[in-house]
Amino acid sequence: MSQKRHRLVPETFGLKRRRERGPVEADPLRGELGSARAAVAELVQLFPRGLFEDALPPIALRSQVYSLVPDRTVADRQLFFLYLEKPPPILANKISLLKSAQSVAEHLTLTSCFSLLSLWRQKELQEQGEIRIVQLGFDLDAHGIIFTEDYRTRVLKACDGRPYAGAVQKFLASVLPACGDLSFQQDQMTQTFGFRDPEITQLVNAGVLTVRDAGSWWLAVPGAGRFIKYFVKGRHAVLGMVRKAKYRELLLSELLGRRVPAAVRLGLAYHVHDLIGAQLVDCVSTTSGTLLRLPET
């Protein structure tokens, strides 16, 4: 997307009629605040904790981060370093080599980061990262970003007093700090971390793992199914609001000022960040404010 994206804050006065493009305003999250860490911190504030009785950790999506850090290479690289808040010396040396190899760094994506994590093995990942990234399942690129401490706290609360509490506590103490992968293999769980098959079954029952395929499991968030359902419906509804507008475009201020449809349970601003970052709408600066426009097909 060639147009600059802007922070999603309500604009007080928005006109319905079409306007010519005006000068591009400075992006308030660029510069010293233009980081993935700042973006995730802002996005989780939009997460409606009360909707889920504070049972879920606040979740931001990778696509939403792109709405605030438009350079995807920079965003992915910063998310990678958040995975390893304090890299151990061996890993730090490899990161230095990557940083010196500009051609590699410029093409570093989140997917390749996960491959690197696998290559560097658990013993090089002794320090716990600040964030966890989970596959949400409704799309191959649907990655949820969660602060590790929020994840740990909510998972412990969800399993408290349950038969699988012991297996979950063991997982949080041994696997979570040592392994940054999105998924786990059978031999990894049994041989490296010492889990028995019944314990793995308990982790699946607890919602900490979800089946990827035979002998492989995704890291998961207990109770996230309701969030995913609300997210998919809400994305479709907000996209429909833009699609039904004249010229298939809508001022951001007008959109945020409208009555929230019943299908949008997570909030308009939460979904607009996703639409912009996922490039489902173009974000255009006009004299009347930010304009959201459906891309030409």
Side-chain angles (χ1 to χ4, degrees), residues 36-37 40 57-60 62 76-98 108-137 143-160 162 164-222 224:
R37 175 63 174 79
V40 174
I59 302 172
R62 179 184 175 193
D76 287 342
R77 189 186 302 128
Q78 291 179 358
L79 287 172
F80 168 61
F81 281 105
L82 283 175
Y83 235 80
L84 305 173
E85 185 178 12
K86 296 179 181 178
I90 297 176
L91 184 56
N93 291 336
K94 296 190 178 183
I95 291 173
S96 296
L97 291 174
L98 282 176
L108 188 61
T109 63
L110 198 57
T111 302
S112 63
C113 288
F114 297 147
S115 298
L116 289 171
L117 287 172
S118 297
L119 291 172
W120 290 333
R121 301 295 188 184
Q122 290 107 358
K123 60 183 173 182
E124 295 178 325
L125 301 175
Q126 298 300 316
E127 304 265 346
Q128 175 183 319
E130 188 177 359
I131 63 170
R132 300 298 304 189
I133 299 181
V134 297
Q135 169 61 254
L136 294 176
H143 294 131
I145 303 171
I146 306 165
F147 284 115
T148 303
E149 191 54 38
D150 287 336
Y151 179 84
R152 184 189 303 276
T153 301
R154 297 317 192 284
V155 169
L156 285 173
K157 181 179 178 181
C159 75
D160 185 37
R162 302 295 182 90
Y164 44 67
V168 172
Q169 291 168 2
K170 178 180 176 181
F171 178 85
L172 294 177
S174 61
V175 181
L176 200 67
C179 185
D181 293 338
L182 278 85
S183 63
F184 309 95
Q185 304 300 318
Q186 176 82 30
D187 57 353
Q188 181 185 25
M189 292 294 293
T190 57
Q191 298 175 23
T192 304
F193 296 110
F195 280 84
R196 296 175 290 106
D197 287 342
E199 289 178 310
I200 296 175
T201 300
Q202 288 181 329
L203 293 175
V204 173
N205 292 338
V208 173
L209 297 180
T210 185
V211 176
R212 179 180 181 180
D213 49 41
S216 179
W217 302 270
W218 293 111
L219 178 67
V221 180

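Any value given below was found using the heavy atoms of this structure, including those in side chains, with hydrogens, waters and symmetry copies removed.
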(message) Is the shortest side-chain heavy-atom distance between Leu79 and His143 below 4.5 Å?
(response) no
(request) Would you name the heavy atoms of Leu172 and Pro177 that are closest together and state the gap between them? (result) O-CD, 3.3 Å
(message) Would you say that Glu130 contacts Arg37 through its side chain, given a criterion of any heavy-atom pair below 4.5 Å between the two side chains?
(response) yes
(request) Grab the two heavy atoms, one from Ile59 and one from Gly144, that are nearest each other, plus how far apart they are. (result) CG2-CA, 4.0 Å
(request) Identify the two heavy atoms, one from Leu219 and one from Leu209, that lie closest to each other, and give their separation to 0.1 Å. (result) CA-CD2, 4.3 Å
(request) Decide yes or no for Ile200 and Phe193: does some side-chain heavy atom of the first lie under 4.5 Å from some side-chain heavy atom of the second? (result) no
(request) May I ask you to decide if Ala167's main-chain N or O and Gln202's side chain share a donor-acceptor pair within less than 3.5 Å? (result) no
(message) Is the shortest side-chain heavy-atom distance between Thr153 and Pro57 below 4.5 Å?
(response) no
(request) Quick one: closest heavy-atom pair of Val211 and Trp218, and the distance? (result) O-CD1, 4.2 Å
(request) Would you mind reporting whether Asn205 and Arg162 have side-chain heavy atoms less than 4.5 Å apart? (result) no
(message) So which atom in Arg132 and which in Leu176 form the shortest heavy-atom distance, rounded to 0.1 Å?
(response) NH1-O, 3.0 Å
(message) With rounding to the nearest 0.5 angstrom, report the CZ to CG distance, Arg62 to Leu136.
(response) 12.0 Å
(request) Please tell me if the side chains of Tyr164 and Val204 come closer than 4.5 Å, counting only heavy atoms from C-beta onward. (result) no
(request) Flag the pair Met189 / Phe171 as yes when at least one side-chain heavy-atom distance between them is below 4.5 Å, and no otherwise. (result) yes
(message) If the test is side-chain contact (heavy atoms from CB on, under 4.5 Å), which one of Leu182, Thr210, Ile146 qualifies with Val134?
(response) Ile146
(request) Taking all heavy atoms of Ala165 and all of Cys159, pick out the closest pair and write down the distance. (result) CB-O, 3.4 Å
(request) May I ask you to test the Phe195-Phe184 pair for a side-chain heavy-atom distance under 4.5 Å? (result) no
(request) Please check if the side chain of Arg154 supplies one atom and the backbone of Val221 the other of a donor-acceptor pair under 3.5 Å. (result) no
